[in-house]
**Q** 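I have a structure here, written as structure tokens, and I will follow up with some questions on it.
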Amino acid sequence: MNADPTTTGHVEARAALLLLADGRLPAGGHAHSGGVEAAVLGGDITGLDDLAEFLRGRLATAGLLAASFAAGVCRAVHAAASAAAAASAGPASPAGPASPAHAAGPANPAGPAHAAGTKGVPLLDVLAAFDDEVDARTPSPAQRAASRAQGRALMRVARAAWPVPAQPSAPHHCVALGLVAAAAGLEPRDAALAAAHASVNGPATAAVRLLGLDPLAVTGLLAEIAASVDSTAFQADQASLGSPASLPAGSAPHLDLLSERHRTAQVRMFTS
């Protein structure tokens with residue numbers, strides 16, 4: 001992406017990031033509490049201090065995982081697009097800018113194709129590998145179902161705005177986010193930032209509705225956490241230079257238990 005903010009494509013991509021991070025995006029995010037509803041019902045969250053601890057813990061575990069996978073998918077999509085463009089351009093001069101050796105050779109070991117570990121593999125197979133790795137890191141059936149429901153909703157709404165492929169139809173939410181970010185012209189770090197932001201913003205909004213917390217105080221809390229969100233996005237972007245199997249796998253057993261408890265609750269305000 002061109003770093004010049006006066007470039008039209010760059011401006012559009014910045015706006016796309018804001019759109020993806022907007023809780024009003026009609027992708028169903030408002031229907032998911034990220035474990036907050038079960039935590040409130042169980043007495044784990046009773047006020048602002050409890051919420052702050054919950055959000056920081058969620059960001060460091062589920063948030064980092066989602067951000068890493070979103071960045072990894074975005075990187076893989078860009079790598080596939082670059083490879084396709086190079087193939088369609090045909091052979092180039094060894095010293096020319098389009099030369100594969102110049103673009104992703106030893107002088108650039110962290111090039112997208114090398115970094116994602118996906119060179120020569122069809123994109124759909126790469127995406128399936130990311131999706132499988134998210135499955136392996138999500139032991140709770142309720143969380144897996146919620147993630148795929150959100151992924152399906154995001155893919156559906158994104159197709160109205162960007163050239164998002166029809167497949168996969170119901171990936172995990174972080175995989176869908178990476179796909180959509182790439183289609184919108186965003187970079188892996190942007191995808192990571194959107195995922196990290198969503199991991200705390202959605203649950204915080206849910207807490208306001210469930211506990212009647214002062215929305216100004218909750219906004220202040222999110223502002224306090226903002227630096228950690230940005231740091232998590234940076235960490236995730238760096239982690240996404242590896243293969244799908246090497247991405248973070250930090251566990252959050254309490255979130256798993258909350259998801260399963262929520263799934264069997266007789267009365268629920270949120271889907272998950």
Side-chain angles (χ1 to χ4, degrees), residues 20 27-29 31-35 38 57-77 79-80 115-118 121-158 164-183 188 191-192 194-196 198-200 202-203 232-233 235-237 239-264 270-272:
L20 277 178
H32 298 269
S33 75
R58 197 175 195 285
L59 177 63
T61 52
L64 176 60
L65 189 155
S68 299
F69 275 86
V73 169
C74 184
R75 193 179 299 279
V77 173
T118 58
V121 181
L123 181 58
L124 277 178
D125 292 343
V126 174
L127 297 178
F130 278 107
D131 212 56
D132 288 345
E133 291 295 337
V134 178
D135 255 350
R137 290 160 172 75
T138 314
S140 163
Q143 279 209 58
R144 289 199 297 271
S147 176
R148 290 193 182 279
Q150 288 182 277
R152 181 172 57 250
L154 178 58
M155 293 287 282
R156 185 173 61 246
V157 70
V164 180
Q167 297 297 327
S169 59
H172 279 288
H173 182 256
C174 54
V175 173
L177 185 55
L179 265 170
V180 174
S199 73
V200 294
T232 298
Q235 184 180 350
D237 183 39
S240 73
L241 293 170
S243 66
S246 71
L247 294 183
S251 62
H254 190 51
L255 286 178
D256 296 328
L257 294 174
L258 289 174
S259 294
E260 292 304 311
R261 186 189 307 168
H262 184 272
R263 182 173 61 90
T264 58
F270 294 87
T271 303
S272 70

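Everything quoted here is computed from the prediction, not taken from an experiment. Sequence positions, counted from 1, serve as the residue numbers for this chain.
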**Q** Are the side chain of Arg58 and the backbone N or O of Ser199 linked by a donor-acceptor pair below 3.5 Å?
**A** yes

**Q** With rounding to the nearest 0.5 angstrom, report the CG to CG distance, Leu127 to Asp132.
**A**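 Going from CG on Leu127 over to CG on Asp132, the span is 11.0 Å.
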
**Q** Please name all residues satisfying salt bridge (charged side-chain N to carboxylate O under 4.0 Å, His left out) with Arg137, sequence neighbours left out, ordered by chain then number.
**A** Glu133

**Q** Quick one: CD on Gln235 to OG on Ser240, what's the gap to the nearest 0.5 Å?
**A** 11.5 Å

**Q** CG of Leu247 to CG of Leu64: how many Å apart, nearest 0.5 Å?
**A** 9.5 Å

**Q** Looking at Ala38 and His262, what are the two nearest heavy atoms and their distance?
**A** CB-CB, 4.0 Å

**Q** Determine the minimum heavy-atom distance between Thr232 and Ala196, stating which atoms define it.
**A**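 So the two residues come closest at CG2-CB, 4.3 Å.
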
**Q** Atom CZ in Phe130, atom CG in Asp125: separation rounded to 0.5 Å?
**A** 12.5 Å

**Q** Check whether any side-chain heavy atom of Pro141 sits under 4.5 Å from a side-chain heavy atom of Glu260, and report yes or no.
**A**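 Yes. Closest side-chain heavy atoms under 4.5 Å.
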
**Q** If you compare all heavy atoms of Ala71 against all heavy atoms of Ala192, which two are closest, and at what distance to 0.1 Å?
**A**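 Result for this residue pair: CB-CB, 4.0 Å.
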
**Q** For Pro203 and Gly34, work out which heavy atoms get closest and say how close.
**A**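 Between these two residues, the closest heavy atoms are CG-CA, 4.3 Å.
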
**Q** Arg144 vs Val134, test: side chain to side chain contact (heavy atoms under 4.5 Å, CB included). Steps then yes/no.
**A** CA-CA 9 Å; Arg144 289 199 297 271; Val134 178; over 6 Å; no

**Q** Would you name the heavy atoms of Val157 and Leu154 that are closest together and state the gap between them?
**A** CG1-O, 3.2 Å

**Q** Identify every side-chain donor-acceptor pair in residues 172-179 under 3.5 Å, counting partners at least two apart or on other chains, and give the distances.
**A**
residue, atom, partner, partner atom, Å
His172, ND1, Ser147, OG, 2.8
His172, NE2, Asp135, OD1, 2.9
His172, NE2, Arg148, NH2, 3.4

**Q** Please find the pair of heavy atoms, one from Val180 and one from Val164, that lie closest to each other, and give the distance.
**A** CG2-CG2, 4.4 Å

